[in-house]
Amino acid sequence: MRLCAYTAALAGALTALTGCGLAVKTIEPGTIVAPTARDHFARIDGVDYHYLLYPGPGPNVLLLHGFASSTYTWERVAPRLNQLGYAIVALDMKGFGWSDKPRQARYDALALLHEVHRFADELGWRQYALVGHSLGGAIAILSALERPERIERLVLIDAAAPRTEQRPLVIGLLGSAPGRLAGPLFF
């Protein structure tokens with residue numbers, strides 16, 4: 001009877017540990033698991049930003065994902081827009097997807113906003129449509145307010161209300177000592 005209880009406890013512990021990220025292989029920064037010809041990196045202020053490029057003859061469109069997301073948000077949208085002739089770029093903002101995640105960096109909306117502007121400048125885009133989902137929507141709103149002459153069109157999908165004075169609570173918690181220990185278990 002005790003052997004059954006120990007076996008059940010061991011099975012439960014192993015299930016919990018493998019299901020929470022402890023048994024997941026660590027991927028080195030700058031490494032993409034299954035790279036394609038669309039995967040590119042841009043280095044801005046020492047940070048590598050990953051983006052997907054769908055070149056086209058038409059207007060430029062920059063796609064910004066939401067919180068805890070990445071360029072994969074747009075994996076079905078970007079090719080369809082590109083087939084319509086648009087030049088599409090889907091960006092992994094700093095801290096997300098395959099982009100760098102510097103520990104001491106700022107991740108508030110204003111820092112992300114200015115980095116998105118720098119990225120568009122690196123692309124050489126003077127004008128473009130900006131599509132943002134969730135956090136990307138908040139960045140898109142701020143961008144349209146700060147650079148209205150550059151944003152030709154603004155598309156918001158379930159946009160978050162931009163907070164510019166401090167980091168979102170969850171980011172602050174993940175930056176705390178307990179958050180640094182618990183974060184890898186859940187993300």
Side-chain angles (χ1 to χ4, degrees), residues 27-102 105-164 167-168 171 187:
I27 300 168
E28 291 300 317
T31 302
I32 298 175
V33 174
T36 69
R38 298 196 183 287
D39 289 292
H40 298 277
F41 283 91
R43 190 165 190 80
I44 301 170
D45 294 333
V47 176
D48 286 327
Y49 291 84
H50 170 258
Y51 64 99
L52 296 176
L53 176 63
Y54 297 79
N60 300 321
V61 179
L62 180 57
L63 305 173
L64 300 177
H65 61 79
F67 182 77
S69 193
S70 69
T71 56
Y72 295 106
T73 296
W74 310 108
E75 68 184 343
R76 292 188 179 179
V77 174
R80 290 185 179 167
L81 289 173
N82 188 238
Q83 287 171 351
L84 295 172
Y86 294 98
I88 306 295
V89 170
L91 173 66
D92 277 334
M93 290 186 283
K94 178 182 67 191
F96 300 97
W98 299 114
S99 289
D100 283 349
K101 298 154 186 67
R106 288 182 47 211
Y107 291 91
D108 60 277
L110 285 178
L112 294 174
L113 166 71
H114 295 295
E115 290 160 9
V116 167
H117 286 175
R118 293 280 312 278
F119 178 75
D121 293 344
E122 286 287 319
L123 292 174
W125 286 4
R126 297 297 308 146
Q127 292 188 316
Y128 52 96
L130 191 52
V131 180
H133 170 251
S134 186
L135 170 64
I139 303 304
I141 290 168
L142 293 171
S143 188
L145 291 170
E146 191 167 293
R147 288 186 165 185
E149 72 286 354
R150 299 206 42 197
I151 308 303
E152 291 181 313
R153 301 277 187 274
L154 181 64
V155 179
L156 304 174
I157 304 165
D158 199 18
R163 289 185 50 161
T164 57
R167 296 187 289 183
I171 297 292
F187 296 107

Review point. Can you find a heavy atom in the side chain of Trp74 that is under 4.5 Å from one in the side chain of Arg80?
Key: no
### Query
Is Asp100 reaching over with its side chain to a backbone N or O of Asp48, donor-acceptor style, under 3.5 angstrom?
yes
(message) Measuring only between side-chain heavy atoms, which start at C-beta, is Leu112 closer than 4.5 Å to Leu110?
(response) no
query = Met93 versus His65: any side-chain heavy-atom pair under 4.5 Å?
reply = yes
Distance col, row Arg118:CZ vs Leu113:CG, nearest 0.5 angstrom, shows 12.5 Å
- Item | Val89 vs Leu63 side-chain heavy atoms within contact, under 4.5 Å | no
Nearest heavy-atom approach of Gly137 to Leu156 is O-CD2, 3.6 Å
Next on the checklist: Could you check whether any side-chain N or O of Gln127 sits under 3.5 Å from a backbone N or O of Glu149, counting only pairs where one atom can act as donor and the other as acceptor?
Outcome noted: yes
Which of Leu130, Ile151, Ile88 passes side chain to side chain contact (heavy atoms under 4.5 Å, CB included) with Leu62? Answer is Leu130
| said: Between Tyr54 and Tyr86, is the ring centroid distance below 6.0 Å? | reply: no
Note to self: Test your reading of the model: is there a side-chain donor-acceptor pair from Lys94 to the backbone of Val116, 3.5 Å cut-off?
What the structure shows: no
Exactly one candidate in Arg43, His40, Glu115 meets side-chain hydrogen bond (donor to acceptor under 3.5 Å, both in side chains) with Tyr49; the answer is Glu115
(Q) Any heavy-atom pair between the side chains of Ile157 and Val131 that's under 4.5 Å? (A) yes
- Task: Would you check if the side chain of Ser134 reaches a backbone N or O of Gly136 as a donor-acceptor pair within less than 3.5 Å?
- Result: no
Walk me through it: do Ser143 and His117 pass the test side-chain hydrogen bond (donor to acceptor under 3.5 Å, both in side chains)? CA-CA 8 Å; Ser143 188; His117 286 175; 2.9 Å; yes
### Task
Kindly check if the number of other-residue, nucleotide or ligand heavy atoms within 6.0 Å of OH (Tyr128) is above 12?
yes
**Asked** Are any non-hydrogen side-chain atoms of Leu52 and His50 less than 4.5 angstrom apart?
**Response** yes
Closest heavy-atom pair, Ala109 versus Leu142, reported as atoms and distance to 0.1 Å, is CB-CD1, 3.9 Å
Val47 and Pro102 have their tightest heavy-atom pair at CG2-CG, 4.0 Å
| With a 6.0 Å cut-off on ring centres, are Phe119 and Tyr51 close enough? | yes
So, the side chain of Asp92 versus the backbone of Thr71: is there a donor-acceptor pair under 3.5 Å, distance only? yes
Rounding to 0.5 Å, atoms CD1 (Ile139) and NE2 (His114) come to a distance of 9.5 Å
OG1 (Thr36) and CG (Asp39) are apart, to the nearest 0.5 Å, by 4.0 Å
Nearest heavy-atom approach of Ala138 to Ala159 is N-CB, 4.4 Å
#### Entry: Side chain to side chain, Trp98 and Pro35, heavy atoms closer than 4.5 Å
no
Kindly indicate whether the side chain of Asp121, heavy atoms from C-beta on, has any atom under 4.5 Å from the side chain of Leu123. no
OG (Ser69) and CG (Leu64) are apart, to the nearest 0.5 Å, by 11.0 Å
